[in-house]
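Take a look at the structure set out below.
The figures that follow rest on heavy atoms only: side chains count, while hydrogens, waters and symmetry mates do not.
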Amino acid sequence: MKYFPFLFLFIGFSTFGQSFVSQTESYPTFPECKDTLKTDQESCFKTQLKSLIFKYYKEPEVVAKENYNGIATVIFEVDKDGGFQVLYVNSDYEELNIELERVFEDLPSITPATYNGKPTYVQFRMPIQIPLSPSIPDDTTTEKDNPLESYQKELEDLTIKDFTYPQYESGLNIPLSHEVYNRFTTRMDKIGTNAHTASKPYRYTEVQPYYDFKEENEALFYDKKTWFGKKLFNENTFQIQGEDYWFTFDIAADLQVGRDFEESLTTYNNTRAGIFQGGLGKRLNFYTVIYESQGKFAGYYNDLANELGREGSSQVLIPGRGIGEPYRDGFDYPVVEGYLTYEASDFLDIQFGRGNNFIGDGYRSLFMSDNASPNAYLKMNTSFWKFKYTNTWSSLRNPNTLTDGGAFLTKYMATHYLSYNVNKRLNIGLFESVLFESEPNRGFDWNFINPILFYNMVEYTTGSRSGKSLIGLSYKYKWTDQINTYGQWLIDEFSLDDVTAGNNSWKNKFGFQLGVKYADAFKVDNLFFQLEYNQVRPYTYSHNTLNLHYTNDNQSMAHLWGANFRELLLISRYKKDRWYGHAKFIFGERGFETNADSDPFYGSDLLGDERLRIGDDGIEIGQGNKANSYYGELEVGFIMNPTTNLKVYLNLIHRKFDIAQDNAINFDRNTTWVNLGFRTDIFNWYYDY
């Protein structure tokens with residue numbers, strides 16, 4: 001049992017060898033087997049090994065004295081030099097463990113196995129029946145007379161079937177990437193499917209009935225013979241699979257170099273990342289990714305990063321990524337994401353981790369979006385019949401407010417989203433969310449943890465300043481298999497009397513979205529169009545308690561423009577084999593604050609104080625410092641590795657920003673930004689601010 005502490009290490013190590021074993025060009029070879037046909041190498045190896053074990057083995061005295069009869073297990077490898085290395089021995093006697101170790105240490109070196117023409121190690125497991133026969137069996141002995149063969153057929157090696165990409169059948173999330181999701185959501189949107197498409201990210205098990213990732217990706221695999229070629233163009237960097245577990249590790253990157261021509265800036269991004277994921281059994285899976293990054297971006301984006309940073313400090317906030325520090329003429333910003341997911345039953349799965357979530361069928365969401373920094377969350381998905389019920393509890397941060405200990409102030413958000421497929425064409429969704437904070441004199445309010453209660457009612461029963469609640473309604477209607485429409489209606493506060501009076505009260509804080517999607521457009525496979533309109537009134541998402549604005553790390557948890565805007569966007573996407581491309585055009589009317597401290601407050605900055613609002617009535621979209629914005633983006637790329645979604649791409653962004661009054665915050669600005677990149681595409685990064 002002294003070997004037990006090393007068992008976990010061994011499992012991770014020995015199974016790494018397994019991925020090579022089934023692909024070795026030759027078996028480890030004893031001198032007696034050097035002229036054996038390749039098809040007989042395995043049999044010859046086993047025969048010679050058994051003979052030598054019988055020859056060298058000396059039964060320990062305690063085993064003979066107690067007339068022991070049982071099985072000892074030896075796990076060993078033949079290394080790259082042909083030597084036998086014992087990794088693990090297990091039996092009922094310490095003396096027997098020591099003896100078996102000695103036997104294998106005395107075995108002569110042999111010719112090692114080869115892989116791609118180079119020596120490699122191979123690992124084996126050998127159950128040994130004790131006691132052993134003192135004689136060496138010959139090929140003609142019967143199974144009954146052969147002690148080694150009588151207990152379990154033959155010597156077993158650890159070779160297993162090739163890696164089968166079990167992640168595609170697991171409960172892991174499909175990384176949020178618009179390009180990836182566009183490959184399969186068009187199939188989920190066909191009439192008659194019972195898919196729920198609003199709550200994202202999806203799990204592979206949800207998508208599997210509509211899109212076979214393994215089949216689709218393997219159809220793109222190149223016929224590569226070298227290890228490097230396979231890893232670069234087809235496979236995970238490292239991949240391991242056993243009977244009831246699997247692991248993959250990938251070296252990821254986001255390397256960009258570009259130019260902001262209008263401001264004569266050379267831009268770059270240098271991200272190195274490691275992605276580790278796996279599964280234990282059929283229900284438990286995990287995923288983690290660690291990024292280390294430095295970057296410098298187009299002028300408007302650099303200014304935004306500085307503006308979002310913590311007040312009174314040198315810290316910046318890279319939109320969508322997280323808090324960073326100035327680095328030379330750019331920024332340094334590390335990011336960590338990861339989660340555990342457990343499929344408790346066929347109806348319920350539970351996730352706990354740090355990342356982003358999204359609710360909606362559009363490119364934007366007025367409920368919950370993935371444009372802010374990753375946050376800690378606990379999520380439960382309950383699916384049955386025509387329903388899917390998603391509960392998400394999130395921990396969010398306010399960098400501008402520090403606790404007595406110097407940490408960022410934490411607030412919490414609890415969200416319900418109920419999706420119901422009314423019939424084969426129509427889906428409706430009910431959204432409810434509340435933000436609350438743990439106060440020193442009240443402690444943590446457990447009312448908001450209940451996954452069933454109506455949060456809006458909880459807010460009023462516990463006090464109007466106890467939390468900030470929002471409610472919403474969404475829909476999707478499938479007109480044909482190619483065309484569907486969708487929409488959202490978000491209500492922050494709503495005063496019916498003020499609406500009927502027609503005075504545009506500041507209390508009428510709401511937004512709506514309307515959109516249409518056209519898949520396989522004009523009968524062209526994989527050609528996709530999307531038209532979407534979004535509108536949010538001033539002061540939406542704000543609150544009379546400044547700590548409860550609808551943000552994380554100073555970024556909106558919904559639409560990235562915050563509030564006080566209208567937006568029309570058109571997106572087109574196309575994919576052919578490993579090639580892809582998209583075009584995006586966005587037109588917006590926006591109202592901005594007139595000065596840095598948002599006094600008076602016009603309702604666009606989600607960090608503003610609504611007590612400083614310009615008035616109670618006559619509130620209109622575009623009030624304040626009115627601006628018209630245009631954003632165009634073209635990207636073409638090549639998917640180098642479909643398993644890791646590694647891409648090479650060329651991206652062109654043109655942004656035009658016209659504002660009524662130039663000031664220190666906003667001014668007329670044109671940007672033409674070209675980027676050439678090499679990226680592992682596993683999250684959406686938005687530049688369309």
Measure up the [X] and [Y] rings against each other and bin them: parallel (under 30°), tilted (30 to 60°), perpendicular (over 60°).
{"X": "F683", "Y": "W685", "answer": "tilted"}
{"X": "F213", "Y": "Y168", "answer": "parallel"}
{"X": "F387", "Y": "W385", "answer": "tilted"}
{"X": "F512", "Y": "W489", "answer": "parallel"}

* Asked: Is the backbone of E215 close enough, under 3.5 Å, to the side chain of E218 for a donor and an acceptor to pair up by distance?
  ->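 No, the answer is negative, given that no donor and acceptor are paired below the 3.5 Å cut-off.
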* Asked: Is N564 reaching over with its side chain to a backbone N or O of G622, donor-acceptor style, under 3.5 angstrom?
  ->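 Yes, the answer is positive, given that a donor and an acceptor are paired below the 3.5 Å cut-off.
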Would you call [X]-[Y] a salt bridge at under 4.0 Å N-O?
{"X": "K388", "Y": "E206", "value": "yes"}
{"X": "K411", "Y": "E437", "value": "no"}
{"X": "E169", "Y": "K214", "value": "no"}
{"X": "R187", "Y": "E216", "value": "yes"}
{"X": "R655", "Y": "E633", "value": "no"}

* **Interatomic spacing from CZ in F592 to CZ in F657 - rounded to 0.5 Å** =>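 It comes to 3.5 Å.
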* Between Y486 and E532, is a side chain to side chain donor-acceptor pair (under 3.5 Å) present by the stated rule, with each step listed? -> CA-CA 9 Å; Y486 60 90; E532 182 175 300; 2.5 Å; yes
* Out of E589, R590, Q513, H559, which residue meets the side chain to side chain contact (heavy atoms under 4.5 Å, CB included) rule with E567? ->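 The residue from E589, R590, Q513, H559 that satisfies side chain to side chain contact (heavy atoms under 4.5 Å, CB included) with E567 turns out to be H559.
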* Member of Q351, K379, R203 meeting the side-chain hydrogen bond (donor to acceptor under 3.5 Å, both in side chains) criterion with N173 ->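 Output: one option passes, namely Q351.
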* Asked: With a cut-off of under 6.0 Å to the ring centre and 45° to the axis, is R321 in cation-pi contact with Y291?
  ->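 Yes, a cation-pi geometry holds between R321 and Y291.
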